[in-house]
*Asks:* 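My questions all concern the structure below.
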Number of protein chains: 2
Amino acid sequence: MADLETFYNLCMQKGLKITPQRIEVYKTLAACSDHPSVDAIYKRVKKVLPNISFDTVNRTLNTFNDIGAAFVVGGDNVKRFDGNLEKHHHFKCVKCRNIIDFKHNEFDNVKVPEHLGQMFKVLKTTIFVEGLCRTCLEKDNKLK
Amino acid sequence: MADLETFYNLCMQKGLKITPQRIEVYKTLAACSDHPSVDAIYKRVKKVLPNISFDTVNRTLNTFNDIGAAFVVGGDNVKRFDGNLEKHHHFKCVKCRNIIDFKHNEFDNVKVPEHLGQMFKVLKTTIFVEGLCRTCLEKDNKLK
DNA sequence: AACAAAATAGTAGTAATTCCTATATAGTAA
DNA sequence: TTACTATATAGGAATTACTACTATTTTGTT
Ligand SMILES: [Mn+2]
Ligand SMILES: [Mn+2]
Ligand SMILES: [Zn+2]
Ligand SMILES: [Zn+2]
């Protein structure tokens, strides 16, 4: 995620006011390597800004998504946010539901099939890997 | 999605009872080319089994996911189910949120990076394409 | 400092999903 | 076929995630 300076500029450019709440949500998301839910970010930000409301955190994150300062990564039922703007892909553990970033240059230039390019305006192509993480694998083995 | 015979066998194998509700949910999902939500399937099944409860449809679909007779495809806020067990990939319109299947042989054999294979047990690798569908594109153009 | 537009806090409302439990049913074994 | 038991269901309550509303506050700008 870009630095605060860039964030200020992006806000100005989009006509958004720079508020302590937005700054703190931005810093919190930037500091996350996981893909936190609104609630997770709310809890973290609340330590710094005890009076912030859940709605503000939620609204702010959706605003970030709208202006391209972050994006949504689809959980099963809980929306998760991603502040990592670099090209990357996701591994998701089907058991604990954690989502982990990974980079793989080979995946960065996959070409969508011709017929798809004609039917849709393609904005983004990512690889989605599902499976079991080490922690969950070890838990499974212990049960046996 | 496989035929009813296969479904019966799968149920027996997993120790699940074959009920009219499960059969109907299975048939309904198999007949869908879209990626319906629980509610969408509930509405369709209700026409055949007017007394079925929402909970049963939901529970049944999750059971299908558990036994591998279907799988969940992550919506933003609504869980969607996929009865297409063949290897395929998804295009999602960021505006209307529709999810469309596509096949592309080139994508079927992508190898996950070495380091990922060591850290996780990889079960599935799919390509996820996001963008705008034709309908939404045309709507956008009309507004201008 | 004064102003207007935008943002926030607190709360209420809505939608999606899961839980609870009394009743009903499927599969099994007599 | 009948009786039995484990499993499944219907209906409703509860929970969870998210969004809407509005009075008040704050930001950015004169
Ligand atoms: Mn990520
Ligand atoms: Mn599909
Ligand atoms: Zn895991
Ligand atoms: Zn669309």
Side-chain angles (χ1 to χ4, degrees), chain A residues 4 7-26 28 35-67 69-81 97 99, chain B residues 4 7-26 28 35-67 69-81 97 99:
Chain A
L4 271 185
F7 175 64
Y8 290 158
N9 291 334
L10 186 61
C11 284
M12 286 214 299
Q13 186 190 315
K14 299 279 181 175
L16 297 178
K17 291 179 177 174
I18 293 163
T19 66
Q21 291 88 343
R22 280 183 178 152
I23 293 170
E24 202 53 42
V25 170
Y26 186 85
T28 302
H35 299 80
S37 63
V38 179
D39 198 56
I41 297 172
Y42 171 59
K43 288 199 176 84
R44 292 178 210 181
V45 173
K46 213 171 163 57
K47 289 176 186 167
V48 184
L49 302 173
N51 290 321
I52 198 168
S53 73
F54 178 88
D55 183 54
T56 296
V57 176
N58 183 58
R59 193 168 11 80
T60 301
L61 287 166
N62 281 110
T63 304
F64 288 176
N65 183 50
D66 292 341
I67 66 174
F71 58 91
V72 176
V73 44
D76 302 316
N77 44 5
V78 189
K79 229 179 200 174
R80 289 156 160 270
F81 287 85
R97 311 286 172 82
I99 298 169
Chain B
L4 270 186
F7 175 64
Y8 291 158
N9 291 335
L10 187 60
C11 284
M12 285 212 300
Q13 186 190 315
K14 298 280 181 174
L16 297 178
K17 291 180 176 172
I18 294 165
T19 66
Q21 291 88 342
R22 281 184 176 150
I23 293 169
E24 203 52 43
V25 170
Y26 186 86
T28 303
H35 298 81
S37 63
V38 179
D39 198 56
I41 297 172
Y42 172 59
K43 288 200 177 85
R44 292 178 210 181
V45 173
K46 214 173 162 58
K47 288 175 187 167
V48 184
L49 302 173
N51 290 321
I52 198 168
S53 72
F54 179 88
D55 184 52
T56 295
V57 176
N58 183 57
R59 191 170 11 82
T60 301
L61 287 166
N62 282 111
T63 303
F64 288 177
N65 182 51
D66 292 342
I67 65 173
F71 58 91
V72 176
V73 44
D76 302 316
N77 44 3
V78 189
K79 229 177 198 174
R80 289 154 160 273
F81 287 85
R97 310 285 172 84
I99 297 170

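Basis for what follows: all heavy atoms, side chains included, without hydrogens, waters or symmetry-related copies. Quantities reported herein were computed from a predicted structural model and do not represent experimental measurements. So you know, we letter chains A, B, ... as the sequences are listed, proteins then strands, and number each from 1.
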*Asks:* Give the nucleotide from the list C/dA7, D/dT9, D/dG28 with an atom nearest to the side chain of A/L16.
*Replies:*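 Shortest atom-to-atom distance from the side chain points to C/dA7.
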*Asks:* What is the distance from NZ of B/K46 to P of D/dG11, rounded to the nearest Å?
*Replies:* 7 Å
*Asks:* From CZ of A/F54 over to C1' of C/dA12, roughly how many Å is that when rounded to an integer?
*Replies:*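 That distance rounds to 15 Å.
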*Asks:* Quick check on DNA chain C: between A/Q21 and B/N62, whose nearest nucleotide comes earlier from the 5' end?
*Replies:*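 Nearer the 5' end of the strand: A/Q21.
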*Asks:* Quick one: is D/dA17 close enough that its OP1 or OP2 comes under 4.0 Å of any side-chain N or O from A/N58?
*Replies:* no
*Asks:* Check every atom of D/dA10, C/dA26, C/dG10 against the side chain of B/I52 and return the nucleotide holding the closest atom.
*Replies:* D/dA10
*Asks:* Please report the distance, rounded to the nearest Å, between CE in B/M12 and P in C/dG27.
*Replies:* 9 Å
*Asks:* Taking the side chain of A/T19 as heavy atoms from C-beta outward, which of D/dT27, D/dC18, D/dA8 is closest to it?
*Replies:*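 So the side chain of A/T19 is nearest to D/dT27.
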*Asks:* Count the heavy atoms belonging to other residues, nucleotides or ligands that lie under 6.0 Å from CZ of A/R97, then report whether that count exceeds 12.
*Replies:*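 Incorrect, the count does not exceed 12.
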*Asks:* To the closest 0.5 Å, what do you measure between NZ (B/K43) and OG1 (B/T28)?
*Replies:* 14.0 Å
*Asks:* What's the separation between atom CZ in B/R22 and atom OG1 in B/T63, rounded to the nearest 0.5 Å?
*Replies:*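 Reported value, rounded in 0.5 Å steps: 5.5 Å.
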*Asks:* Just to be sure I understand the rule, does B/D55 reach a base, reach only the sugar-phosphate, or reach nothing, if contact means heavy atoms closer than 4.0 Å?
*Replies:* base
*Asks:* Mind calculating the distance between OH (B/Y42) and P (D/dT9) to the nearest angstrom?
*Replies:* 14 Å
*Asks:* Separation of A/I23 atom CD1 from C/dA7 atom P, in whole Å?
*Replies:* 14 Å
*Asks:* Please confirm whether the shortest side-chain N or O distance from B/R59 to OP1 or OP2 of C/dT18 is below 4.0 Å.
*Replies:* no
*Asks:* Using whole Å, what does the distance between atom C1' of nucleotide D/dT25 and atom CG of A/L49 come to?
*Replies:* 15 Å
*Asks:* Using the side-chain heavy atoms of A/K17, tell me which of these nucleotides is nearest: C/dT8, D/dA6, C/dA5.
*Replies:*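 Of the options given, the side chain of A/K17 lies nearest C/dA5.
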*Asks:* Ignoring backbone atoms, test whether A/T56 places a side-chain nitrogen or oxygen under 4.0 Å from the OP1 or OP2 oxygen of C/dT8.
*Replies:*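 Checking A/T56 against C/dT8: no side-chain N or O falls below 4.0 Å of OP1 or OP2.
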*Asks:* With a 4.0 Å cut-off on heavy atoms, is B/P50 in touch with a base, just the backbone sugar-phosphate, or nothing at all?
*Replies:*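 No contact at all - B/P50 keeps every heavy atom at 4.0 Å or more from the nucleic acid.
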*Asks:* Out of curiosity, B/I52 CD1 to B/E24 CD, how far, rounded to the nearest 0.5 Å?
*Replies:* 8.0 Å
*Asks:* So does B/K79 get a side-chain nitrogen or oxygen closer than 4.0 Å to the phosphate oxygens (OP1/OP2) of C/dT18?
*Replies:*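 Checking C/dT18 against B/K79, a side-chain N or O does come within under 4.0 Å of OP1 or OP2.
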*Asks:* Atom CD1 of B/I41 to atom P of C/dT17: distance rounded to whole Å?
*Replies:* 11 Å
*Asks:* Please report, rounded to the nearest Å, how far the P atom of C/dT25 is from the CG atom of B/N51.
*Replies:*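 Rounding to the nearest Å, CG of B/N51 and P of C/dT25 are 11 Å apart.
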*Asks:* So do the side chains of A/Y42 and A/N58 get within less than 4.5 Å of each other, counting heavy atoms only?
*Replies:* no
